[in-house]
Amino acid sequence: MSYERLESCPICGKEEFKNFLVVTDNSVSKESFVIVECENCTFKFTNPRPDENSIGSYYESEEYISHSNTKSGIINRAYHVVRSITTKQKVELINRHQPAKGTILDYGCGTGVFLEACKKDGWQVQGIEPNDKARELAEGATGTKVATELSSLDPDKKYNVITLWHVLEHIHSLNETAKELISHLAEDGTLIIAVPNADSHDAQQYKENWAAYDVPRHLYHFTQPTMKRFLKKHKMQLEEVLPMKFDAYYVSMLSEKHIKGKTNMINSVLNGYKSNSYAEKNGNDYSSLIFVAKRK
């Protein structure tokens, strides 16, 4: 196992960090990882972290639903019910921003559920998924070839919409990948990024047990201010910020399981409701957020 340490902040480039939290990987390895916070721009990131050649072993779990589509256990069954609703909402979102229904690239498409819905709605779809098992499922769902990496795409190909649904936080080469993705965005195209929000009420409540820290798979831990800085760095104009309200309940279920070793549905529902209620009254800081951006 090889680890790497970032010497500068991926967003502002400064080299002064402070320890923010020590978080245990409850899903796979049971190892502990440090999340640091940049003293200049407040960006939080896992540091040190497994390098790209080592990170794969931390995804080797049947519980990792975006790679396996497993329905075992009450949490995963709940996830599938909610996913059918949120997939429809995602398609409605892209149609609102790009009603002509052109080409869409889903980076980190997992098992292809979202792309399958897009294709049925009239979109020309392309996915990228490095995980072999998930990619095979995605190809079966969409009936199209799914790429293993960004570099294998036609360099001149442009997309009307590029989406990253809970993917950006996993990418080692954060800025390089963002730059390359944006180079594939049509001039009037839309970039959609969904990430957990480390400023949410459930993050503050669960602290090191907040499941959405998900170390070491999550390398970065965004907030609204740091995502806005990231988009500005890449010359993207933020159009709107939208909530993913179901995530507060799902993350609370996982967080409760981390603490107690079993699912506590009552606490999960109460804490998910509290988090959403807090966000509604305090600056849109929901458990997860969708950032919609276009070129400046």
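If you read the sequence from its start, that first residue is 1, and numbering goes on from there. Quick caveat, the model's predicted, so the values are computed rather than measured.
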side-chain hydrogen bond (donor to acceptor under 3.5 Å, both in side chains) partners of residues 149-161, not counting sequence neighbours, each pair once: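 Counting only pairs at least two positions apart or across chains, the side-chain hydrogen bond (donor to acceptor under 3.5 Å, both in side chains) contacts touching residues 149-161 are T103-N160, E149-S151.
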Could you tell me whether a side-chain N or O of [X] sits under 3.5 Å from a main-chain N or O of [Y], the two making a donor and an acceptor?
| X | Y | value |
| --- | --- | --- |
| T190 | V161 | no |
| T86 | R83 | yes |
| D214 | R217 | no |
| N271 | N267 | yes |
| R49 | I55 | no |
| T223 | A198 | no |
| D199 | D285 | no |
| S183 | E180 | yes |
| S268 | N264 | yes |
| T226 | F222 | no |

Which heavy atom of [X] sits nearest a heavy atom of [Y], and at what distance?
| X | Y | result |
| --- | --- | --- |
| P196 | H218 | CG-CE1, 3.9 Å |
| E15 | E7 | CG-O, 3.3 Å |
| N47 | L6 | OD1-N, 2.7 Å |
| G112 | T142 | O-CG2, 4.0 Å |
| W165 | I290 | CZ3-CD1, 3.9 Å |
| L242 | N284 | N-ND2, 4.5 Å |

I'd like to check [X] versus [Y] (side-chain heavy atoms, cut-off strictly below 4.5 Å). Are they in contact?
| X | Y | result |
| --- | --- | --- |
| Y107 | I171 | yes |
| Y206 | I259 | yes |
| P10 | F43 | yes |
| L174 | F230 | yes |
| V146 | L115 | no |
| E52 | S173 | yes |
| T24 | S32 | yes |
| H97 | E240 | yes |

Under 4.5 Å between side-chain heavy atoms, hopping through other hydrophobics if needed: is there a path connecting [X] to [Y]?
| X | Y | answer |
| --- | --- | --- |
| V82 | F114 | no |
| M227 | V241 | yes |
| V36 | I11 | yes |
| Y286 | F291 | yes |
| I192 | L289 | no |

Return yes when atom [atom1] of [X] has more than 12 non-hydrogen atoms of other residues, nucleotides or ligands closer than 6.0 Å, and no otherwise.
| X | atom1 | value |
| --- | --- | --- |
| K14 | NZ | no |
| K281 | NZ | no |
| K18 | NZ | no |
| Y3 | OH | yes |

side-chain contact (heavy atoms from CB on, under 4.5 Å) assessment of H234 paired with N175: CA-CA 8 Å; H234 290 280; N175 290 300; 2.9 Å; yes
Aromatic ring pairing F33/Y58, orientation class (parallel under 30°, perpendicular over 60°, tilted between):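 Answer is perpendicular, since the angle exceeds 60°.
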Measure the spacing between [atom1] of [X] and [atom2] of [Y] and express it to the nearest 0.5 Å.
| X | Y | atom1 | atom2 | answer |
| --- | --- | --- | --- | --- |
| T163 | L181 | OG1 | CG | 9.5 Å |
| E136 | E139 | CD | CD | 8.0 Å |
| K44 | C38 | NZ | SG | 10.5 Å |
| D202 | N209 | CG | CG | 12.5 Å |
| C118 | Q126 | SG | CD | 12.5 Å |
| K262 | E256 | NZ | CD | 11.0 Å |

Single hit among K88, K90, K101 for salt bridge (Lys or Arg N to Asp or Glu O under 4.0 Å) with D121: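 Between D121 and the candidates, salt bridge (Lys or Arg N to Asp or Glu O under 4.0 Å) is satisfied uniquely by K101.
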Residue pair Y59 / H170, side-chain donor-acceptor N/O under 3.5 Å: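 Indeed, the side chains of Y59 and H170 share at least one donor-acceptor pair under 3.5 Å.
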Any donor-acceptor N or O pair under 3.5 Å, side chains D247, H166: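 Checked: D247/H166 side chains pair up, N/O donor to acceptor below 3.5 Å.
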Qualifying residue, where the test is side-chain contact (heavy atoms from CB on, under 4.5 Å) with R295 and the options are I182, D188, L191: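 That would be I182.
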Evaluation steps, ring pair (Phe, Tyr, Trp, His ring centres under 6.0 Å), between H221 and Y213: CA-CA 7 Å; H221 313 281; Y213 282 129; 5.3 Å; yes
E92/R96 ion pair, N-O < 4.0 Å: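 Salt bridge: no.
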Non-neighbouring partners of F17 that pass ring pair (Phe, Tyr, Trp, His ring centres under 6.0 Å), sequence neighbours left out: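 Ring pair (Phe, Tyr, Trp, His ring centres under 6.0 Å) check on F17 returns F45.
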Pairing residues for H258 by the ring pair (Phe, Tyr, Trp, His ring centres under 6.0 Å) criterion, not counting sequence neighbours: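 Checked H258 against ring pair (Phe, Tyr, Trp, His ring centres under 6.0 Å); zero matches.
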Chi angles and distances behind the side-chain contact (heavy atoms from CB on, under 4.5 Å) call for K179, K233: CA-CA 10 Å; K179 183 178 179 181; K233 177 185 178 82; over 6 Å; no
E60/V28 under side-chain contact (heavy atoms from CB on, under 4.5 Å): CA gap, chis, key distance, verdict: CA-CA 7 Å; E60 291 173 1; V28 179; 5.6 Å; no
Evaluation steps, side-chain contact (heavy atoms from CB on, under 4.5 Å), between T42 and R229: CA-CA 11 Å; T42 74; R229 291 188 187 102; 3.9 Å; yes
